[in-house]
Amino acid sequence: MSNGTRIDPEEREPRAIKIRHPKHTGRKIVFSVLCSLLIVAIGGGVFAFIEYGPDLGFSMVSKETSKDSESEKPAEDEPLQSSQPEIPEEPVSEPEPVVTEEPIEEDPEHEEDVDEPEVPAEPPKPEIPKDEWYMLLVNKENLLLEDYAFNTAVIDNENHTVDERIAADLSAMIAAGEENGLRFVFYTAYRSVQRQNELFAAGKTEIPGKASEHNSGLAVDIGSLEGEFEGSAEEAWLLEHAHEYGFILRYPEGKEDITGFAHEPWHYRYVGREQAKLIYESGLCLEEYLAQE
């Protein structure tokens, strides 16, 4: 001291003792603390993102995997999240399974078309009774046989006769017409082959014996007591109803080249009720009808 007083060492004021740390030790401690805090913060953030991210609309799926592509798709148990609000998905109905029919092997003995419905077969046409007496064909090319014979029956007061087998239907037809106010008359009925030849020789007919239907007893020439037959009510009624009683108009208009005779609106021929109906509905003349198979 300046005054030279000696001080006892024990009475001296204590001095702060400085501890010397290694160089940079403080910085390392600060850095370690900061790293620890950062790790804790990152861990907490990741936990919060995983726990609450889907509810807040965040997605952990990258943009590349959220697009349609041919690359590997995310697993089915990891649903994709979107930043857009979730829209409830409508239930999608599964497509109905397509059933394919396996080809069916056809039995050669029982061949059937399984794809097309069976079409009912048309009923077979009734066979034409060409050999029956009432279907006899008589014309210039088909002459009556020499021994052709039958019994006759009188049909009016003029002693006109016909084959007795057609008399009942002929009388029924005339009676039905008269009930409708019509008045019929017979011009010609049965004519013998001899009488036919006499008329042919006299030039009163162009048809010789055996070539005329009148020689068969199956035909009649009908007129009207009211006058001209063609265009009369009697003609109109016969055209509509004669087939109901077994008679057909034998020489219709437009068939001259087939029958070989001019149109005769008064000439009616008996063929039986069943065949008369079929011929009437077919529109054929007798030659055409009998020529069918």
Side-chain angles (χ1 to χ4, degrees), residues 122-148 150 160 162-163 165-166 169-170 173 177 184 186-193 195-197 199-224 228-232 234-293:
E122 295 183 2
K125 293 182 179 179
E127 186 177 350
I128 300 173
K130 298 179 182 181
D131 295 332
E132 291 293 338
W133 61 269
Y134 50 83
M135 297 300 290
L136 179 67
L137 180 61
V138 181
N139 54 31
K140 297 174 184 178
E141 297 178 355
N142 296 274
L143 302 181
L144 200 64
L145 296 177
E146 193 71 38
D147 60 348
Y148 185 79
F150 55 90
H160 288 106
V162 294
D163 186 325
R165 292 171 289 188
I166 78 169
D169 282 338
L170 179 59
M173 181 175 70
F184 295 104
F186 293 108
Y187 292 144
T188 308
Y190 166 66
R191 185 188 297 141
S192 68
V193 173
R195 179 57 180 166
Q196 186 73 33
N197 285 327
L199 294 174
F200 179 72
K204 294 183 178 181
T205 179
E206 297 179 356
I207 311 301
K210 301 180 183 179
S212 172
E213 283 196 328
H214 289 294
N215 303 154
S216 70
L218 301 176
V220 291
D221 290 343
I222 303 177
S224 172
E228 186 69 27
F229 179 75
E230 193 168 5
S232 66
E234 286 77 9
E235 179 196 26
W237 188 88
L238 286 173
L239 286 172
E240 186 175 354
H241 298 285
H243 68 277
E244 298 171 4
Y245 301 91
F247 290 84
I248 61 170
L249 179 64
R250 180 64 179 90
Y251 305 124
E253 190 173 9
K255 302 290 185 178
E256 293 86 355
D257 292 341
I258 301 172
T259 63
F261 291 83
H263 171 50
E264 295 184 6
W266 52 79
H267 187 109
Y268 278 82
R269 155 70 192 271
Y270 186 80
V271 292
R273 296 196 179 201
E274 181 180 354
Q275 296 302 309
K277 180 177 182 296
L278 295 174
I279 294 173
Y280 173 80
E281 292 175 348
S282 70
L284 303 175
C285 64
L286 186 58
E287 282 81 0
E288 291 175 311
Y289 185 75
L290 291 174
Q292 298 179 107
E293 295 296 333

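Between the Ser212 side chain and the Gly209 main chain, no donor and acceptor come within less than 3.5 Å of each other. Formation of a donor-acceptor pair under 3.5 Å by the Gln196 side chain with backbone atoms of Ile207 is found in this model. Side-chain N or O atoms of Glu240 include none that pairs as donor or acceptor with a backbone N or O of Leu238 at under 3.5 Å. Looking only at distances, a side-chain donor or acceptor of Lys130 sits under 3.5 Å from a matching main-chain atom of Leu290. Using a distance-only test at 3.5 Å, with no hydrogens or angles considered, a donor-acceptor pair links the side chain of His214 to the main chain of Ala189. At distances below 3.5 Å, not a single donor-acceptor pair connects side-chain atoms of Glu281 with backbone N or O atoms of Leu278.
Note on ring orientation: taking the six-membered ring where Trp is involved, the planes of Tyr270 and Phe247 are perpendicular (angle over 60°, cut-offs 30° and 60°).
Separation of atoms CZ (Arg191) and OG (Ser216) is listed at 11.0 Å; rounding is to 0.5 Å. The CD atom of Glu234 sits 15.5 Å away from atom CH2 of Trp266, with the distance rounded to the nearest 0.5 Å. Note that CD of Gln292 is 4.5 Å distant from CD1 of Ile128, once rounded to the nearest 0.5 Å. With values rounded to the nearest 0.5 angstrom, Leu170 atom CG is found 11.5 Å from Leu218 atom CG. Taking CG from Leu144 and CG from Asn215, the interatomic distance works out to 6.5 Å, rounded to the nearest 0.5 Å.
Across all non-hydrogen atoms, the minimal contact from Leu143 to Asn139 is CD2-O, 3.7 Å. The two atoms that bring Pro265 and Glu235 nearest to each other are CB-OE2, 3.5 Å, heavy atoms only. The two residues Phe200 and Pro208 make their nearest non-hydrogen contact at CD1-N, 3.7 Å. Looking at every heavy atom in both residues, Leu249 comes nearest to His267 through CD1-O, 3.7 Å. Heavy atoms only, all atoms of each residue included: Tyr289 and Ser282 are closest at CD1-OG, 4.3 Å. A pairwise comparison of heavy atoms in Glu253 and Glu256 identifies CA-OE2, 3.9 Å as the closest pair.
Not counting sequence neighbours, the partners of Glu288 by the side chain to side chain contact (heavy atoms under 4.5 Å, CB included) test are Lys255, Ile258, Leu284, Cys285.
Ionic pairing of Arg250 and Glu287 is present here: one or more N-O contacts between side-chain nitrogen and carboxylate oxygen are shorter than 4.0 angstrom.
Counting heavy atoms from C-beta outward, Lys140 and Phe261 have side chains that approach closer than 4.5 Å. Taking 4.5 Å as the limit, some side-chain heavy atom of Trp133 sits within range of a side-chain heavy atom of Ile166. Between Leu286 and Ile279, the closest side-chain pair of non-hydrogen atoms falls below 4.5 Å. Counting heavy atoms from C-beta outward, Ile222 and Met173 have side chains that approach closer than 4.5 Å. Looking at Phe184 and Trp237, their side chains come closer than 4.5 Å, going by heavy atoms from C-beta outward.
Heavy-atom contacts from other residues, nucleotides or ligands closer than 6.0 Å to CD of Glu274 number 12 or fewer. No more than 12 heavy atoms of other residues, nucleotides or ligands lie within 6.0 Å of CD in Glu141, so this atom counts as exposed by the packing criterion. Open room surrounds CD on Glu206; 12 or fewer heavy atoms of other groups in view lie less than 6.0 Å from it.
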Pair Val271-Glu132, side chain to side chain contact (heavy atoms under 4.5 Å, CB included): steps then yes or no: CA-CA 9 Å; Val271 292; Glu132 291 293 338; over 6 Å; no

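The aromatic ring centres of Phe150 and Tyr190 sit less than 6.0 Å apart.
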